[in-house]
Amino acid sequence: MSAPNNSYDPVEVTPLHPDEVARMREEALSAIEAAGDLDELKEVRLAHASDRSPLALANREIGALPPTAKADAGKRVGGARRDVGQALKARQAVLEAERDERVLVEERVDVTLPWDRELRGARHPLTTVAERMTDVFVGMGFEVAEGPEVEAEWFNFDALNFEPDHPARTMQDTFFVESEDSGDSGMVLRTHTSPVQVRALLGRELPVYVVAPGKTFRTDELDATHTPVFHQLEGLVVDRGITLAHLRGAIDSFVGAVFGEGLRTRFRASYFPFTEPSAEVDMECFVCRGDSVGDPDASCRTCSSEGWIEIGGCGVVNPRVLTAAGVDPEVYSGWAFGLGIERTLMFAHGVRDMRDMVEGDIRFSSAFGSEI
Ligand code: PHE
């Protein structure tokens, strides 16, 4: 066995010379310090801390040294590499923080700046609710009928069996339309959508299955629960062998589709000149389902703890209306209903104040989304 190569002088291996190692270390550290951003630092890492960096290459030389020199050179090179690694890490942290700071500034959005974009409009929720209500009946095979908002008194009252002096004419607070000479024009702003019943019967072949959504007018002051302009959805069926049972079924389907399946409905006897018998339609309160009734601890805002919500009027078409529209009441029968669209919107979406519906503030409509 030959003697260990004690005379081997590590200093003669240039890369391991202390000055040289110190120079490589200094060079790396100043390059790290000089790296201005993360991309530059990546380059510096490749040049000074990768497998091909001068310090890594120097490290490889250590293996060839005699054992006595190994420890010394190893400490020197290892120390330098550790310093470089720590400096890289520290610089990385500083540059990342700088970048984050810069991104925060560059990508800042001043939400108080006036904007130059056009506001996207939103459909009025009354329109979308009216369409949804109409669609329920269209789905059952009904057609959509229309009539004018400025209506002949004959359609609005006479044909619907309101006698000329019948108190029901004044019961509905009518906007009468003056003629040009300030006399009686025979026209009114329709007080309900029921005149469309007569127009549909006169203008269509029997049988008739129609719904008519539209504006209606009464001389009410605008407040939280009244508006002089409101909307109804009229329904009319005239066919052979039509009974109240069909009406109940249609109303139940409507309530199920708009407010949820399984809600009960009830008819309360009422009076309309154009239907006989007549009824007010109530549906079970979809919030408390009647649980709040008679329970002082459980008050329900939706139904005022009544357990029921009134949604409209209905009844069997009065034979006089059929006759006025030229339909033989001996052969045909039918029923009609009028549902409040504002009421449906109020209940279905928790709108508490009618005025929100008429003020035209886009923020109110937008809250319902911009459904098309
Ligand atoms: N037109 C009635 C109203 O406005 C509602 C109604 C319509 C009642 C159809 C019966 C049949 O109050």
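What's counted below: heavy atoms across the whole structure, side chains too, no hydrogens, waters or symmetry copies. Along the sequence shown, residues carry numbers from 1. In listed order, ligands and their atoms are each counted from 1. Quick caveat, the model's predicted, so the values are computed rather than measured.
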At less than 4.0 angstrom from any non-hydrogen atom of [X], what atoms of ligand 1 do you find?
| X | result |
| --- | --- |
| Q197 | 9 (C) |
| A336 | 9 (C), 11 (C) |
| Q232 | 3 (C), 4 (O) |
| G338 | 6 (C), 7 (C), 9 (C) |

Between K70, R76, K75, which is the residue that forms a salt bridge (Lys or Arg N to Asp or Glu O under 4.0 Å) with D72?
-> R76
Members other than V150 in its cluster, when Ile, Leu, Val, Met, Phe, Trp, Tyr link by side-chain heavy atoms under 4.5 Å?
-> F175, V177, M187, L189, F217, V229
Run through the side-chain heavy atoms of Ile, Leu, Val, Met, Phe, Trp and Tyr, join any pair under 4.5 Å, and report what else lands in V109's cluster.
-> V111
For the pair Q232 and T216, evaluate side-chain hydrogen bond (donor to acceptor under 3.5 Å, both in side chains) and give the outcome as yes or no after the intermediate values.
-> CA-CA 7 Å; Q232 293 183 334; T216 48; 4.7 Å; no
Does the side chain of T191 pick up a donor-acceptor pair with the side chain of N156 at under 3.5 Å?
-> yes
So, Y332 versus D239: side-chain donor-acceptor pair below 3.5 Å or not?
-> no
Which is it for S194 and ligand 1 at heavy atoms under 4.0 Å: side chain, backbone, both or neither?
-> side chain
Quick look: F337 vs ligand 1, heavy-atom contacts under 4.0 Å, and the answer is backbone
Going by heavy-atom distance to atom 3 (C) of ligand 1, choose the closest among R190, R218, E234.
-> R218
Winner among W335, F274, Y271 once heavy atoms are compared against atom 2 (C) of ligand 1 = F274
Looking only at distances, please establish whether an N/O atom of ligand 1 is found under 3.5 Å from an N/O atom of T191.
-> no
Walk me through it: do S194 and E234 pass the test side-chain hydrogen bond (donor to acceptor under 3.5 Å, both in side chains)?
-> CA-CA 6 Å; S194 297; E234 194 78 12; 2.8 Å; yes
